[in-house]
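I have placed the structure first, in the form of structure tokens, so that the comments after it can refer back to it.
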Amino acid sequence: MYQSTCEISAVPCDEDSTAAKGFAGYRWNRYWAAELAAGVIGKNKSSGDLGGGATGSFEEKSYGGDLSALGSIPIVGGLSVFGRLGVYMARTTIDQESTVLGSQHDAKTQSGFTYGAGLQYDLGFLGVRAEWQRYDNIGAPSIQKDELDLYMLGVVVQF
């Protein structure tokens with residue numbers, strides 16, 4: 001979810017966004033790994049009444065990739081907790097339309113830090129992961145810099 005996208009939108013807005021990403025990595029041992037990920041890391045759409053008979057729509061989309069180091073601590077059995085620290089590069093686009101102001105498009109490529117934490121349960125070569133990850137200072141020039149929080153459930157294939 002974008003932290004402040006809905007604060008700047010004149011259109012009714014839902015703060016929840018969608019994301020989809022894939023990753024590949026290498027685990028040196030049970031404590032340390034590195035991951036390279038790419039995908040749509042945030043997408044938020046809204047539309048509605050602006051008042052006075054005017055209508056509008058808004059879409060913000062961020063896509064890109066990140067490289068992270070993961071530190072993991074086994075808890076019990078196949079369950080472990082992990083922390084993530086890395087860097088990202090992303091492109092954010094914003095498209096706005098209204099019956100009063102017309103259409104506007106803005107885009108920016110930015111980079112910064114990403115970090116997060118999660119739990120992973122290993123079932124042999126398969127694992128299940130629940131994770132939170134934050135992308136700092138993401139956004140297009142027409143809006144303030146934002147933070148993007150991802151809450152993800154995923155499947156890990158280990159070989």
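Between Glu35 and Arg129, at least one side-chain N (NZ, or NE/NH1/NH2) sits under 4.0 Å from a carboxylate O, which counts as a salt bridge. In summary, Lys21 and Asp66 engage in a salt bridge, as defined by a charged side-chain N under 4.0 Å from a carboxylate O.
Looking at Glu60 and Thr93, their side chains never bring a donor and an acceptor atom within 3.5 Å of each other. A donor-acceptor contact under 3.5 angstrom links the side chains of Thr114 and Gln133, judged on distance only. Donor-acceptor pairing under 3.5 Å is lacking for the side chains of Asp149 and Tyr135.
Distance check, rounded to the nearest 0.5 Å: CE of Met89 to OG of Ser111 gives 5.0 Å. Rounding to the nearest 0.5 Å places CG of Leu85 at 9.5 Å from CG of Leu70. Between the OG atom in Ser72 and the CD atom in Gln120 there is a gap of 7.0 Å [rounded to 0.5 Å].
Taken together through direct or relayed side-chain contacts under 4.5 Å among Ile, Leu, Val, Met, Phe, Trp and Tyr, Phe159 and Leu126 form part of one hydrophobic cluster. Placement of Leu119 and Ile73 within a single hydrophobic cluster is found when ILVMFWY residues are connected by side-chain heavy-atom separations under 4.5 Å, directly or transitively. The hydrophobic clustering, which links ILVMFWY residues whose side-chain heavy atoms are closer than 4.5 Å, places Val128 and Val157 apart. Residues Ile41 and Phe23 are members of separate hydrophobic clusters, defined by side-chain heavy-atom contacts under 4.5 angstrom among Ile, Leu, Val, Met, Phe, Trp and Tyr. A chain of hydrophobic side-chain contacts below 4.5 Å, direct or via other Ile, Leu, Val, Met, Phe, Trp or Tyr residues, connects Leu150 to Tyr88.
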Worksheet item: Stepwise, does the side chain to side chain contact (heavy atoms under 4.5 Å, CB included) test hold for Glu131 with Arg84?
Response: CA-CA 10 Å; Glu131 175 177 11; Arg84 158 188 310 277; 2.6 Å; yes

Fill in: Stepwise side chain to side chain contact (heavy atoms under 4.5 Å, CB included) check, Thr92 with Ile138
CA-CA 7 Å; Thr92 300; Ile138 199 165; 3.7 Å; yes

Fill in: Val40 vs Lys61, side chain to side chain contact (heavy atoms under 4.5 Å, CB included): CA-CA, chis, key distance, verdict
CA-CA 8 Å; Val40 176; Lys61 182 178 180 181; 4.2 Å; yes

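Nearest heavy atom pair, residue Tyr31 against residue Pro74, reads CE2-CD, 3.7 Å. Between Trp32 and Asn29, the closest heavy-atom pair is N-OD1, 3.0 Å. The minimum heavy-atom distance linking Arg27 with Ala33 is given by the pair CA-CB, 3.9 Å.
Phe113 does not carry Arg134 over the face of its six-membered ring by the limits of under 6.0 Å from the centre and within 45° of the normal.
Using modelled atom types, no side-chain atom of Tyr115 and backbone atom of Gly83 make a donor-acceptor pair closer than 3.5 Å. Asp122 contributes no side-chain N or O that, together with a main-chain N or O of Gly124, makes up a donor-acceptor pair within less than 3.5 Å.
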